Structure formats: C-alpha cells, structure tokens
Amino acid sequence: MPFTLATWNINSVRLREGLVQKLLGEETPDILCLQEIKTPIDKFPTEGFAAMGYRHLVARGQKGYNGVAILSKLPITDAGDSDYAALGHARHVAARLENGVVIHNFYVPAGGDIPDREENVKFGQKLDFLTDMRDAFRADRPQRAILVGDLNIAPREDDVWNHKALLKIVSHTPIEVQHLSDAQEAGAWVDVTRKDIPEGRLYSWWSYRAADWDAADKGRRLDHVWATPDIAGAAHGSRILRSARGWDQPSDHVPVFATFDL
DNA sequence: ATGGTCGTTGTACGA
C-alpha cells in the first residue's frame, strides 16, 4: 500500500496550527513529520488534526524550543527517541508503521553563527550530534527505515543559492557536509529527494530576513528525506512545496514530500 | 558591506 510522507519545520505548531491544517487539507499526506513544534506535548493541538483523520501522534516536546512530532492517518506506534550529543533537547523521535517500516524524525541543531567549535559551543554540539548519529547507525544498521527532518545542512552545491558564498556559512561548511555524509554513509541512507530530482537547484528554506524571499531566492535545502537501500527503490514522486513559503505568516521552511510503494 | 525577521519568553536568545 503506497503512502505519502511529508516533513516540515513548522516553527511553532501552536502558532501555525491553521497552516498545518491547510497542508493536510490540500495535500493529504498520510504522514506528516514536524520539527520545531516549540511546545510540550500536553499542549500540542491534536483535536483539529484528529477531526481531519490524523488520529495518531508520536512526539517529543519541550517548552519554547525544539520538539518533533509524527502525525499520521495510518496507525503508528512509538519507536523511541534518542538524545545525541546529550543536549537534553527534543530533537528525535521514531514511529513504526504496521508494515514494520520505522520513520525517524530529526531536528539537527542549527549550530549558531560561527563555524568553529572553539569559538562557538553550538557548532561543536551540531558536529557531535552528527557524529553520534553516525555511531548509532554503525552500531545498529537501520533496515526498512525512513529518516526525515530538518538536518540544518545543505550538502550539495546545488542545494544552496551560491556555493562559494556559503562555504564559510553554517549549514554549508565542508566540515558539516562531511559529518552529514559520514552519518548518511554509516546507515547507507539514500537521499530520496535527490534520487527523484537529481539535477538542478532545490531549496526548502528561505530566511525571514530577506526583503523579498521569492525574488531574491537565496534558499538552502536543509530538509531531507532519506531511506535505507532495501526500501529506497519503492520511493518516488518527491517534491518540495515552495508555494507554502508564500502563505500568510509562513514558516521559513516548506514541506518536502515523498511517496513509498510498500 | 552590513543588517536584515521571526517565535517564545520575558524585555534575551535561538534560529
């Protein structure tokens, strides 16, 4: 049975409950993975989503920061979480579908502004988080798994508006790209979005600070859909909903979709 | 070439 999955950094699910409902109503993904919900789970707005058929929720939250949620029309069970880099943040949660497929939803630390762990603790924490991801995938090679989320790294030259200009900007520095690549290789993860759309510039995030995000188009592909090799061949139809960046009171990220025939 | 905008919480900090 095919299912469509979307991942979206919502930047406060309570402020943007209406935008989530708009997405669910217009695009009807079977599963929606959210990051930066910025709320404890007891304050997650479940009722409206349930009324639209999204009755299943597996989530981790905290007050004000971070937080990840998997909202689903299909039955899912809680498959745990992790606390990579021992930050004590809600940055990962996993859910299992009835067919055994496990969905990992990640919010990798942004890493601050200075790309140097000596000068900026947050940058070191980001690298450590990615190293711990790598080690976890090495120790326990994932199978029949999907990994999505805001990984806060744009790995390819055509994942950013200007490769050369961003080489020293956090999210596109070589050391971050290498750490992400090491984590990806450790799990043999296939970049599903780039499997489906191998050529051309792709962005999923545009800064709030640009005067005209659409005209300037200084985007980055920070949000990803990966799958293990045993199910990556079942993935197709990847797309990025650029138009969501133009919605009223938007998130600075837009949803990324993929469909799996499993 | 620098500063630009959001969200949450509280008038600072993270992104």
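Convention: sequence-line order gives letters A, B, ...; per-chain numbering from 1. These numbers were taken from a predicted model, which means no experiment stands behind them.
Per the geometry, CH2 belonging to A:Trp205 stands 14 Å off P belonging to B:dT5, to the nearest Å. Between the C1' atom of B:dT2 and the NZ atom of A:Lys218 lies a distance of 12 Å, rounded to the nearest Å.
Here, B:dG3 and B:dG7 have their P atoms 23 Å apart, quoted to the whole Å. Comparing B:dG14 with B:dG10, their C1' atoms sit 14 Å apart, to the nearest whole Å. Going from the C1' atom of B:dG4 to that of B:dA15 covers 14 Å, rounded to whole Å. Separating the P atom of B:dT2 from that of B:dC6 is a span of 23 Å, rounded to the nearest Å. When the P atom is used for both B:dC13 and B:dT9, the distance is 16 Å, rounded to whole Å.
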For nucleotides 7-15 of chain B, just jot down a letter per nucleotide in 5' to 3' order: B, S or -, based on protein non-hydrogen atoms under 4.0 Å.
SSS----SB
For residues 255-262 of chain A, which side-chain N or O atoms pair as donor and acceptor with protein atoms under 3.5 Å away, sequence neighbours left out?
residue	atom	partner	partner atom	Å
A:Thr259	OG1	A:Thr4	OG1	2.8
A:Asp261	OD1	A:His236	NE2	3.2
A:Asp261	OD2	A:His236	NE2	3.1

Can you give me every donor-acceptor pair (side chain of residues 133-144 of chain A, partner residue at least two apart or in another chain, under 3.5 Å) with its distance?
residue	atom	partner	partner atom	Å
A:Arg141	NE	A:Ala186	O	3.1
A:Arg144	NH2	A:Asn99	O	3.2

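Among pairs with a residue in residues 37-56 of chain A, those fulfilling side chain to side chain donor-acceptor pair (under 3.5 Å) read A:Asn11-A:Lys38, at least two apart in sequence or across chains.
Defined by atom type and a distance below 3.5 Å, a donor-acceptor pair is missing between the side-chain atoms of A:Glu36 and A:Ser12.
A search for side-chain hydrogen bond (donor to acceptor under 3.5 Å, both in side chains) contacts involving A:Asp159 returns A:Arg194, A:Arg221, not counting sequence neighbours. Residues satisfying the side chain to side chain contact (heavy atoms under 4.5 Å, CB included) criterion with A:Ile175, sequence neighbours excluded, are A:Phe123, A:Leu127, A:Thr173, A:His179.
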